[in-house]
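Here is the structure we will look at, set down as structure tokens.
Here is the naming used below: chain letters follow the sequence lines, and residue numbers restart at 1 for every chain. Computation of the quantities below employed the complete heavy-atom set of this structure, encompassing side-chain atoms and omitting hydrogens, waters and symmetry-equivalent molecules.
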Amino acid sequence: MAMATTAGKSAGPRAAPRSFSARLMDGDQVAHVITFIFAASIMLITVLLVIVLWNHSVLPRNKFGLSFFTGRVWDPVAEQFGALPFVYGTLVTSALSLIIGVPLGLGAAIFLAELAPPKISDGLTFIIELLAAVPSVIYGLLGIFVVVPFVRTGLAPWLIRHFGFLPIFKGPCYGVSFLAAGLVLAIMIVPFIVSVSREVLLAVPRDQREAALALGSTRWESTWKVVVPFATTGILGSVFLAMARALGETMAVTMVVGNVTEIKTSLLAPGYSIAAVIANEFTEATGEIYLQALVELGLVLFLVTFVLNGLARLLILFTAQRGGTT
Amino acid sequence: MSAWAGSAHLKIRHGISYFMLGLAGLCALVVVGALFYILGYLMKNGGTSINLDFFTQLPKPVGETGGGMANAIVGSMKLLLLASLIGVPVGVIGGIYMAEFSGKISAFILQYTADLLNGVPSIVIGILAYTLVVLPMKHFSAIAGGFALGIMMIPITLRSTEEFLRGVPLALREGSMALGASKWRTIVSVVLPAAYRGILTAILLSLARVAGETAPLLFTALNNRYWSPGWNQPIASLPYMVWNYAISPYDDWHRQAWAAGLVLLAMVLLTNIVARVVLARGSNAMPR
């Protein structure tokens, strides 16, 4: 009895290191911890981004506060930084791209999900997803040499002739403009809308369609009045995803928007965008506050796209789950 | 009378149906056509501009015609190598955690964060690399550019590795564990070999994605009109050259921008097609 207890006592401290080394030999704990450290680097990078962007934009935040976003004067020499022209340009070009891209993308997604035979649908979706893989600088290249001349000689004169009475189509057009940037962005964001919307539409339960058709609706009516409303949240998610992409797009916009720090109502006028000004002026930024003003613009871009992407993912997740349970 | 009116109404409804569905088909045609237009236009302009000099010569000084982008091609390769050194190990090993070890909540949080990080504009990643690498080193360098691209690779590689690993059937894991193998033994000798094509696909796709990135290189790797020996100097890259030459006022530079654009696009699209069609066919899952 006494021996048993001493044996039990002596085994206690000895057993602990053995089991630890046994677990080491097993490797499971070690592998768990090591792989976790690598996966957690995702969190680390995100936190680093916030810290870096925040710490490196102290000067303009203290000096200008919110007037940073309402000021119209961007004068690095006088150290006067108002970012309204860039914010305006970013919003206008993104809105324009959504106005063109959303109907186009949704239409294509409806065709791919509702009409095309599965094999053709998969093939076309593959091609459309390749469109998302095309580097943005290539879009910019085509923007400069195809879209800008087309806007200057074709689209703008036509718009001025027929809709010139509208303030958004007033004035001369040299090609580089909000309109050109919106057109290029529209093609760039369409693949995102198509691939996500198609999947959301395909996830709509089959009986929803069958019920609508059995009640005597036409193919289009079942699609537009039953399937699309069922998938609205997911489609909205794809639109947010596309919007985040349009807001943050740098190279293609820089190459066609004109890079002029002005706020014009006309879509035919040149402008600027947040990402474009960072791209163009970052290496030339002399003086601490100038550089930090550009970093603050980066911070804005980061926060806006972060929130938009977060919302988009939640909406898509929400529809996917609803489609699965009903 | 009413029956006739009804059938007329039905005809209109069917007419609208065909019209709207036709319109949807047209949308799909336009979007698919856009890719072929881009391809065709680049082949037309790039194909006539490309020559042997493009691959073997350095850029000529401003005002002289001719020359090539040999340094930019090598530069892009070096940047991608540096990016892979960061992106591949972190992404693949992190992906192993997500698929094999993570709990439900930790998996969700990490997936969500990875997707958000993937959506961060590339120019913002450039700012991160600038402050973390360029500022301490006090000059632009290949290392800084590779760092920026590597950071961008991590969430892409991680998410697709995870999805490919999740595609490996549970029965394989159970079989290995039933034979007495520990979990990490199972992963190393059963799961990873079963998913190696998928992991290769994941790596290729992430490489193709960052190969075309220009924005994060603008103030990290910058550019170099000459060879860039070692890793510690500014370095040229194909996407940067496309941008730089396209916005220049010289016709000969425009010609070379088309050539560089064609080479870049061919590289990116071929990698994508090889990764998705050839490699992914043999594996179990295909991530989005």
Side-chain angles (χ1 to χ4, degrees), chain A residues 26-28 31-32 35-36 38-39 41-43 45-46 48-49 52-53 56 104 107-108 110-112 115 124 126-128 130-131 133-138 140-142 144 146 187 190 194-195 218-221 244 248 250-251 255 275 278-279 282-283 295 298 301-302 305-306 309-310 313, chain B residues 13-14 16-17 20-21 23-25 27-28 30-32 34-35 38 41 90 93-94 96-98 101 110 112-117 119-124 127-128 131-132 151 154-155 158 182-184 208-209 212 214-215 218-219 222 239 242-243 246-247 257 261 264-265 268-269 272 276:
Chain A
D26 240 19
D28 283 0
H32 190 130
T35 53
F36 173 74
F38 279 87
S41 68
I42 290 280
M43 310 300 278
I45 294 167
T46 311
L48 261 180
L49 263 172
V52 160
L53 293 172
H56 285 261
L104 193 64
I110 286 175
F111 175 79
L112 293 171
L115 278 181
L124 292 183
F126 178 70
I127 292 176
I128 291 173
L130 280 185
L131 206 56
V134 173
S136 59
V137 73
I138 302 282
L141 183 67
L142 282 154
I144 288 183
V146 179
I187 293 293
V190 154
V194 175
S195 66
T218 61
R219 275 295 277 281
W220 173 253
E221 284 163 354
T250 311
M251 300 318 294
M255 289 162 92
I278 300 176
F282 205 88
T283 45
V295 175
L301 217 49
F302 171 76
T305 51
F306 210 73
N309 273 314
R313 296 283 167 198
Chain B
R13 281 173 56 206
H14 274 293
I16 290 174
S17 177
M20 294 308 286
L21 291 173
L23 219 54
C27 286
V30 168
V31 179
V32 171
L35 180 74
I38 292 171
Y41 208 88
V90 179
I93 297 175
I96 292 175
Y97 173 81
M98 307 276 281
F101 291 107
L110 287 170
Y112 200 71
T113 317
D115 287 343
L116 289 187
L117 198 59
V120 170
S122 52
I123 188 120
V124 176
I127 296 180
L128 180 74
T131 44
L132 290 185
I151 294 286
I154 292 174
L158 185 136
S182 63
K183 194 163 184 183
W184 77 269
R209 160 83 194 276
T214 320
L218 291 177
F219 30 84
L222 203 68
V242 174
W243 176 66
I247 60 172
L264 186 62
L265 185 67
V268 169
L269 288 189
N272 256 282
R276 284 160 183 256

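To the nearest 0.5 Å, atom CE of residue B:M20 and atom OG1 of residue A:T218 are 10.5 Å apart. The structure places CD1 of B:I123 at 8.5 Å from CZ of A:F282, a figure rounded to the nearest 0.5 Å. The distance from atom CG of B:L110 to atom CZ of A:F36, rounded to the nearest 0.5 Å, is 6.5 Å. For the atom pair OG1 (A:T250) and CG (B:L218), the distance works out to 8.0 Å, reported to the nearest 0.5 Å. Going from atom CH2 of B:W243 over to atom CE of A:M251 covers 5.0 Å, rounded to the nearest 0.5 Å. For the atom pair CG (B:L117) and CG (A:L49), the distance works out to 6.5 Å, reported to the nearest 0.5 Å.
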Yes or no on side chain to side chain contact (heavy atoms under 4.5 Å, CB included) for B:I38 and A:L131, after CA distance, side-chain angles and deciding distance?
CA-CA 9 Å; B:I38 292 171; A:L131 206 56; 4.0 Å; yes
Show, in sequence, the C-alpha distance, side-chain angles and deciding distance for B:L35 and A:V134, and conclude whether the side chain to side chain contact (heavy atoms under 4.5 Å, CB included) test is met.
CA-CA 9 Å; B:L35 180 74; A:V134 173; 4.0 Å; yes
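The ring-ring contact (aromatic ring centres under 6.0 Å, His included) search around B:Y41 returns B:Y37, B:W258, not counting sequence neighbours. With sequence neighbours left out, B:R209 forms a salt bridge (Lys or Arg N to Asp or Glu O under 4.0 Å) with B:E213.
The contact between B:T113 and chain A is made by backbone and side chain atoms together, counting heavy-atom distances below 4.5 Å. Heavy atoms of A:I138 lying under 4.5 Å from chain B belong exclusively to its side chain. With a 4.5 Å cut-off on non-hydrogen atoms, A:I128 touches chain B through its side chain but not through its backbone. If you measure heavy-atom distances from A:L130 to chain B, the contacts under 4.5 Å come from both the backbone and the side chain. Proximity to chain A (any heavy atom under 4.5 Å) is shown, for B:A208, by neither the backbone nor the side chain. In this structure, the portion of A:H56 lying under 4.5 Å from any heavy atom of chain B is its side chain and not its backbone. Only the side chain of B:V268 comes within less than 4.5 Å of a heavy atom in chain A; its backbone stays farther off. Within the 4.5 angstrom heavy-atom criterion, atoms from both the backbone and the side chain of B:V124 approach chain A. With a 4.5 Å cut-off on non-hydrogen atoms, A:L48 touches chain B through its backbone and its side chain both. Within the 4.5 angstrom heavy-atom criterion, atoms from both the backbone and the side chain of B:F219 approach chain A. Residue A:A244 does not touch chain B at all, counting heavy-atom pairs closer than 4.5 Å.
Under the side chain to side chain contact (heavy atoms under 4.5 Å, CB included) rule, A:P135 has a single partner from B:L265, B:V242, B:T214, which is B:L265.
With chain B as partner, the option from A:L104, A:L301, A:T283 having the largest number of non-hydrogen pairs under 4.5 angstrom is A:L104. Of all the listed residues (A:L141, A:L124, A:I110), the one sharing the greatest number of non-hydrogen pairs under 4.5 Å with chain B is A:L141. When A:L142, A:V194, A:V295 are compared by the number of non-hydrogen pairs under 4.5 Å with chain B, A:L142 comes out ahead. Chain A forms the most heavy-atom pairs under 4.5 Å with one residue out of B:I151, B:L269, B:L158, B:L116, and that residue is B:L116. When each of A:I187, A:V190, A:I45 is checked for heavy-atom pairs under 4.5 Å with chain B, A:I45 comes out on top.
The backbone N or O of B:W184 sits less than 3.5 Å from a side-chain atom of A:D28, completing a donor-acceptor pair. Using modelled atom types, no side-chain atom of B:Y97 and backbone atom of A:H32 make a donor-acceptor pair closer than 3.5 Å.
Looking at every heavy atom in both residues, B:C27 comes nearest to A:G107 through CB-C, 3.8 Å. The shortest heavy-atom contact between B:A28 and A:F111 is CB-CD2, 3.5 Å. The shortest non-hydrogen separation linking B:F101 to A:T35 is CD1-OG1, 3.4 Å. Among all heavy-atom pairs drawn from A:S41 and B:I154, the shortest one is OG-CG2, 4.3 Å. Closest non-hydrogen pair, A:T305 versus B:G119, comes out as CB-O, 4.3 Å.
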